[in-house]
Amino acid sequence: MSRFSAEQGDDDGADPSKKIRVSMNPWTNKVYSKKYYEILKTRQSLPAWEAKGQLLKLLDENQVIVLQGETGSGKTTQIPQFLLESKHVKGKKGICCTQPRRVAAMSVAKRVADEMDVQLGDEVGYSIRFEDKTSNKTMLKYLTDGMLLREAIHDPLLEKYSIIMLDEAHERTLNTDILFGLLKEILENRKDLKIVVMSATMDAEKFQGYFKGAPLLEIPGRLYPVEIFYTHEPEKDYVEAAIRTAVQIHMYEDEGDMLVFLTGEEEIENACKQIKQEIQKQGDTCGPVNVIPLYSSLPPAMQQKIFDPAPGPNKKGIPGRKIIIATNIAETSLTIDGIVYVIDPGFAKQKVFNPRMRVESLLVSPISKASAKQRAGRAGRTRPGKCFRLYTEASFKNELMEDTYPEILRSNLASVVLTLKKLGINDLVHFDFMDPPAPETLMRALELLNDLGALDDEGELTKIGEMMAEFPLEPQLGKILLNSAKYQCSEEMVSIVALLSVPNIFMRPKENQKEADDARLKFCNPDGDHLTMLNAYNAYKQKKENAEWCKSNYLNSRSLKSADDVREQLKNLMVKLEIPLVSCGTNYENVKKCLLSGFFMQVAKLQRNGAYMAFKDVQTVAIHPSSVVDQKPDWVIYNEFVLTKRHYIRNITAIKGEYLFEVNPDYFNPARIKHIDTRKDLEKLEKETVEKRKKQSQQSSK
DNA sequence: GAGCACTGC
């Protein structure tokens, strides 16, 4: 029993009555279950267990601790439990631990509730968007980093917590990065608050430098050695090289599953086919294979296939092999045990942001060293493995960046800036970002928020801005919701905004493109994609969210379901902000005006040559072929600007030119337009509009 | 006439 003393405190084992008391769970005052002791044994074998004493000591002496521990060290599950015993947890102020992903927050909370032998949602809980599994008893809460940021909006000093842990800090998600800066300011005002930053090996020193004087505690990991192989020459075609290498490994290497990293859906589906073909050609000289694609837009049931066991041996007794072809999803979000071979071509699709054009786009680009190490590590989770890098050792050493650029340097910061302003951070230039974004990116964000009326000319948050920040949305979409009652169409706008913040609801499988296009025609409103989506959503609600119906109409029921969840959340926020929910019936002109009231900076005009010109940036664009708008209206609003072979605008609604002056006369005042041709266009339109109005009023006065 | 790495509020 003495081994349990660390957990339970003061058991000297002498007094039998004491012994009974000691085996009681202090959280529930119940006797520990049998399961508790079983789990305890595995817990105690985790490397994190050995760090407990030092951790609690460091916590006494420091306000911030950086903890470095690799996968398998048990840091995420054990450290928070140790901290619960610390004297720094006082009264009702509990501990929270952030995670970049929802599933992680949920599953870790479940696990820890089991370990502590309590009901999930009581002493241990989790909080993610759409689900709060906590109660007033909760002392340990796992939550997404975005969720903690939301909490800060209404509790600026995060006074609910005595200890805040930022887990997976090395991933440098946008939200974790903002939390870093925010917590640094909070620490000044809350000397009782403790911060624990947890990271995989790579970035720990950077965090120490950021929180000056923070000590570092290292916890060893549980990884088996992985042997690294490089190519002698650079590969011209990494997809072809990956396929070739996969087939060779299957033919010549020992038993053990394989993981191949590629960059996207199409690449992965093609590679799967080719690998299957190539291996079939070999006949029964090599074992049977199960080749499984893995990327995020696959339905969960398909994703589950990666956990199927490898196929059994063939007639000759040659063992089978599981080959998973995955995107970066397998680098962080999903771990697959049993992988022995990893093929790393060294590329990934990464988000890049062009502040001048305010466009985020995806580019296939070389990964970082940190990322390559992470990929290799996937081969050593259950036994020693091998990683085949499809690039030379020299390019690994000399060409790859040390770390992936943090997300904050690759993103549009409009909503980040709005959130920071709402948090009371007015001086963004001096805000202590761990990696400060380019000034131009911040300028662009401030400009947009000013155009939307969220910030005044001094850069102060306005009443409108305050309200916009309440919505978990891009600022433009928040503005639309705020205006929606004025345009008598808030019911419709809540649906449309929800639909715009989920993955595409229209499915278009390669083999049934024609059928899918025909199916969409049933919901088509030729005036725009927004109204077409609205029709599809309304039909989905009318069919009582029937998944079969969705499938036969080529609608993505998962997307529609999450749009429904988002809609519910937005509706509640509307009620809270006292914006009436009213419907415009079929007067969709109001919907168009309302859309324009948020997206007036994303308007394009038809040119005489048949192309469109993006009004603000004076940039030639084309309507994306997926749009239902094909009559070439004079003016359109667009939601998204995509940069591929051409400059496309996506999610289009046709509007009447005169709406520009009606919805935002200041912005479309010709006198403030610098570009001459654009100004002339606008002056002409203004003249026409004035004349049209004159005629109308003459007619009505007759 | 064509594209969707991955998350998150």
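Just so it is clear: chains get the letters A, B, ... in the order the sequence lines come, proteins before strands, and each one is counted from 1.
- Residue-level contact check: A/Q350 touches neither bases nor backbone, having no heavy atom under 4.0 Å from any strand.
- Atom CG in A/L148 sits about 21 Å away from atom P in B/dT7, given to the nearest Å.
- Set against B/dA5, B/dC9, B/dG1, the side chain of A/P625 has B/dG1 as its closest nucleotide.
- Two residues, A/L473 and A/S297, neighbour DNA chain B, and the one matched to the more 5' nucleotide by heavy-atom proximity is A/S297.
- Among the heavy atoms of the strands lying under 4.0 Å from A/R101 are primed sugar atoms or P, OP1, OP2 only; no base atom is included.
- Here the two rings, on A/F207 and A/F180, have centers that are under 6.0 Å apart.
- Ionic pairing of A/E131 and A/R102 is not present here: no N-O contact between side-chain nitrogen and carboxylate oxygen is shorter than 4.0 angstrom.
- Side chain of A/H624, nearest nucleotide from B/dA2, B/dC4, B/dC6: B/dA2.
- For A/R508 against B/dA2, a side-chain N or O and a base N or O form a donor-acceptor pair under 3.5 Å.
- The side chain of A/Y648 contributes no N or O atom lying less than 4.0 Å from OP1 or OP2 of B/dG3.
- The side chain of A/D517 approaches B/dA2 more closely than any other nucleotide in the set B/dC4, B/dC9, B/dA2.
- B/dC6 takes the anti form, because its glycosidic angle lies more than 90° either side of 0.
- A/L418 has its CG atom 17 Å from the P atom of B/dC9, to the nearest Å.
- For the pair A/N175 CG and B/dT7 P, the computed distance is 15 Å after rounding to whole Å.
- Applying the 4.0 Å criterion to OP1 and OP2 of B/dA5, one finds that A/T263 has every side-chain N and O outside that range.
- Backbone-only contact: A/I329 has heavy atoms under 4.0 Å from sugar-phosphate atoms and none from a base.
- Contacts of A/Q513 with the nucleic acid, taken as non-hydrogen atoms under 4.0 Å apart, include base atoms.
- In this structure, A/L174 reaches neither bases nor backbone, as no heavy-atom distance under 4.0 Å exists between it and the strands shown.
- Between the CZ atom of A/R172 and the C1' atom of B/dT7 there is a distance of 16 Å, given to the nearest Å.
- Taking side-chain N and O atoms only, A/T144 has a distance below 4.0 Å to OP1 or OP2 of B/dC9.
- When the side-chain nitrogen and oxygen atoms of A/T173 are compared with OP1 and OP2 of B/dG8, none of them lie within a distance under 4.0 Å.
- Between A/V628 and A/F523 there is no side-chain heavy-atom pair separated by less than 4.5 Å.
- Spacing between atom CG of A/L179 and atom P of B/dG8 amounts to 15 Å, rounded to whole angstrom units.
- Distance, A/D565 CG to B/dC9 P: 12 Å, rounded to whole Å.
- At B/dC9, one or more side-chain N or O atoms of A/R102 fall inside 4.0 Å of OP1 or OP2 (strictly under the cut-off).
- Geometric assessment of A/R520 against the ring of A/Y554 yields a negative cation-pi assignment under the 6.0 Å and 45° thresholds.
- A straight line from CD of A/E265 to P of B/dA5 spans 7 Å, rounded to a whole angstrom.
- Defined by atom type and a distance below 3.5 Å, a donor-acceptor pair is missing between the side-chain atoms of A/N525 and A/T532.
- Per the geometry, CD belonging to A/Q476 stands 20 Å off P belonging to B/dC9, to the nearest Å.
- Under 4.0 Å is where a charged nitrogen must lie from a carboxylate oxygen, and between A/E407 and A/R172 no such pair does.
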